[in-house]
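Working notes for the structure below.
Chain naming here is simple, since letters A, B, ... match the order of the sequence lines and numbering starts at 1 in each. Predicted model only: the values in this text are computed from it and were never measured.
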Amino acid sequence: TQLLEQSPQFLSIQEGENLTVYCNSSSVFSSLQWYRQEPGEGPVLLVTVVTGGEVKKLKRLTFQFGDARKDSSLHITAAQPGDTGLYLCAGFITSGTYKYIFGTGTRLKVLA
Amino acid sequence: DAGVIQSPRHEVTEMGQEVTLRCKPISGHDYLFWYRQTMMRGLELLIYFNNNVPIDDSGMPEDRFSAKMPNASFSTLKIQPSEPRDSAVYFCASSLGGGADTQYFGPGTRLTVL
């Protein structure tokens, strides 16, 4: 069974702090995506990474895809209350069949 | 574009009743996905369509669940009969292409089965 484990599950930090969220699997992904979901809404795509070792930046957010394409991290610098939400990674597997799997999620709360 | 539209936004029903959830994808998108989200299991892909044809329904939990896409602008997810464990938020998403193409999610339907 393919599984995407995220850690931590919950994170509550003060405004201005840095944080890192991890997404790990034993499966190899052809691409991996990060989403943010706010209460009462559907997930919204933040970024897609496709190459092992790839690093992408989106303002204060830095995303990295592991060299072996089995893991990824999301680093937020100087977190703000607007970053509060549920962060989900999602991996796409193409070997054998099309499989799209969401991670277990990290619920982030940034306190003002 | 209005984005992905789902209806109803909330549904409360009694065990044993039939439930139909509706989705209108973004115009021009060839892929449509149905997901279920719960606290226990997270976000799970139930089924997806390409050009109105179901491609992979391996995520559909059991025969009580069925999904159709009669045309490019409409899809339904039906549960018959419904059970309390079906209570969840059901999302529909659409994308232009498959693979890693951006999926645009609807606002979801919160289903409560009593």
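- Looking at M40(B), there are no atoms closer than 4.5 Å to chain A (heavy atoms on both sides), in backbone or side chain.
- With a 4.5 Å cut-off on non-hydrogen atoms, Y104(B) does not touch chain A at all.
- By the 6.0 Å contact criterion, NZ on K68(B) is open, its count of non-hydrogen atoms from other residues, nucleotides or ligands being 12 or less.
- Contact of L32(A) with chain B is not made at all, since no heavy-atom distance falls under 4.5 Å.
- Other residues, nucleotides and ligands place more than 12 heavy atoms under 6.0 Å from the CD atom of E62(B).
- In this structure, R110(B) places its CZ atom where only 12 or fewer heavy-atom neighbours from other residues, nucleotides or ligands lie under 6.0 Å away.
- At a 4.5 Å heavy-atom cutoff, the contact between L45(B) and chain A is made by side-chain atoms alone.
- If you measure heavy-atom distances from R41(B) to chain A, you find no contacts under 4.5 Å at all.
- S31(A) touches chain B through its side chain: at least one heavy atom from C-beta onward sits under 4.5 Å away, while N, CA, C and O do not.
- Note on I47(B) and V89(B): separate hydrophobic clusters, where clusters join Ile, Leu, Val, Met, Phe, Trp and Tyr whose side-chain heavy atoms are under 4.5 Å apart, directly or indirectly.
- Separating the OG1 atom in T102(B) from the CG atom in L46(A) is a distance of 10.5 Å, to the nearest 0.5 Å.
- Ring geometry for Y100(A) against F33(B) counts as tilted: the plane angle lies between 30° and 60°, on a 0 to 90° scale.
- Summarising the local packing, CG of D63(B) is surrounded by 12 or fewer heavy atoms from other residues, nucleotides or ligands at distances under 6.0 Å.
- Q33(A) places none of its side-chain heavy atoms less than 4.5 Å from the side chain of Q103(B).
- Transitive grouping of hydrophobic side chains (ILVMFWY, heavy atoms separated by less than 4.5 Å) brings V19(B) and M69(B) into a common cluster.
- Enclosure of atom CD in E14(B) is not indicated, since only 12 or fewer non-hydrogen atoms of other residues, nucleotides or ligands lie within 6.0 angstrom.
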